[in-house]
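Note sheet for the following structure.
FYI, the numbering just counts along the sequence from 1. Hydrogens, waters and symmetry mates play no part in the numbers below; they use all other heavy atoms, side chains included.
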Amino acid sequence: MTDYNLNAKTELTFSDINLARELFGEQDSNLKRIAEAADVHIQTRGNTVFIQGDTISAGLAENILNQLYGLIKEGYPVYPKDVEYATNILCRDNSVKLKEIFLDAVYVTSKKRTIAPKSPAQKEYIDAIRSFDIVFGIGPAGTGKTYLAMAMAVAALAKKQVSRIILTRPAVEAGEALGFLPGDLAEKVNPYLRPLYDALHDMMHFEKSSNLLQQDIIEVAPLAFMRGRTLNDSFIILDEAQNSTTEQMKMFLTRIGFNSKAVITGDITQSDLPSNRASGLVEAKDLLNGIEGIRFVFFSKHDVVRHRLVQKIINAYEQKENKRPI
């Protein structure tokens with residue numbers, strides 16, 4: 001049995017006091033987050049940190065601080081949420097290199113905010129989109145599946161790697177329910193596509209995105225509108241794919257033409273299809289996994305990058321599901 005030192009003391013001195021203050025956070029708020037997560041006691045004197053705890057915990061806290069300081073030295077602005085993401089990552093796997101994740105800039109928005117992965121799964125997802133023509137991103141809400149795919153699409157358009165972006169979603173209630181809504185067909189399905197517009201407007205100026213939409217360089221349309229088309233030189237995103245039927249998924253995947261890339265995202269635990277209809281995403285996962293040129297990336301609750309309560313909500317529902325009798 002290994003005899004761990006239960007009262008290890010580690011002293012870290014950071015060379016640049018201004019960068020150290022940024023690392024520590026306002027009133028040492030970042031240090032408090034790290035101390036709580038690593039289960040250690042942290043004190044500071046100037047630009048020196050004193051860590052006290054058991055050997056493993058102290059080593060974990062030291063690794064978190066050193067890696068975050070390395071990010072700051074590279075010019076990466078470390079916000080409280082980044083400290084939380086970094087701490088969660090390294091608490092699960094102390095060998096992860098944060099620079100390989102956080103410094104992988106995908107796109108810089110119109111507000112000068114850099115979009116980059118925030119977890120190993122997100123990094124895997126980004127690398128998969130770069131390397132494969134068809135990528136499935138499957139996992140719970142809030143894991144960045146759609147947002148990162150959108151960022152990759154906008155970046156590809158800006159670099160002229162594709163000539164257009166096509167964003168699509170199944171309109172699950174299309175049919176009788178939509179008939180009671182006011183407006184023409186486009187106005188009826190617009191509410192189902194709103195999240196895609198929101199993500200798009202978050203990445204570029206409203207005027208620019210509106211202009212690209214008017215020119216059909218960016219197209220947002222219901223999945224049913226893809227039938228009969230061949231989509232060449234395009235970056236195509238199928239969002240909420242768990243709500244596609246088997247027939248719709250097959251139809252969508254066979255629309256992909258030359259020099260095109262498709263990303264399919266969804267959460268197989270949140271299908272809105274009638275109970276007697278199989279999800280096209282679930283079937284595709286079982287049928288297509290292992291085909292060369294197609295990549296599946298799976299996200300978990302640990303990859304949630306929304307409000308911290310989202311992860312707790314997912315935990316609660318998972319526990320409920322696990323308690324159901326088989």
May I ask you to check whether [X] and [Y] show a side-chain donor-acceptor distance below 3.5 Å?
{"X": "Glu240", "Y": "Gln242", "value": "yes"}
{"X": "Asn211", "Y": "Glu207", "value": "no"}
{"X": "Thr13", "Y": "Thr48", "value": "yes"}
{"X": "Asp16", "Y": "Tyr69", "value": "no"}
{"X": "Ser57", "Y": "Asp39", "value": "no"}

Original post:
What about the rings of Phe102 and Tyr85, do their centers lie closer together than 6.0 Å?
Top reply: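 No, the ring centres sit 6.0 Å or more apart.
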
Original post:
Can any side-chain N or O of Asp93 pair as donor or acceptor with the backbone N or O of Leu90 at less than 3.5 Å?
Top reply: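 Looks like no, no N/O pair under 3.5 Å.
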
Option among [options] that satisfies the side chain to side chain contact (heavy atoms under 4.5 Å, CB included) test with [X]:
{"X": "Val297", "options": "Glu124, Lys123, Gln122", "value": "Glu124"}
{"X": "Ile115", "options": "Thr109, Val154, Asp202, Ile126", "value": "Thr109"}
{"X": "Val220", "options": "Ile237, Ile166, Leu196", "value": "Leu196"}

**OP:** Would you indicate whether the side-chain heavy atoms of Tyr79 and Val83 approach each other to under 4.5 Å?
**Re:**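 Heavy-atom side-chain distance check fails, nothing below 4.5 Å.
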
Subject >> Rounded distance (nearest 0.5 Å) linking atom CE of Met226 with atom CZ of Phe252 >> reply: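 Those atoms lie 8.0 Å apart.
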
**OP:** Hey, could you give me the CZ/CE distance between Arg227 and Met251, rounded to the nearest 0.5 Å?
**Re:**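 Nearest 0.5 Å value for the CZ-CE distance: 4.5 Å.
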
**OP:** Carefully, step by step, assess Asp303 and Ser119 under the rule side chain to side chain donor-acceptor pair (under 3.5 Å).
**Re:** CA-CA 6 Å; Asp303 302 299; Ser119 74; 2.8 Å; yes

Original post:
So, are Glu84 and Lys81 salt-bridged, with charged N and O less than 4.0 Å apart?
Top reply: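 A salt bridge is present here (some side-chain N lies under 4.0 Å from a carboxylate O).
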
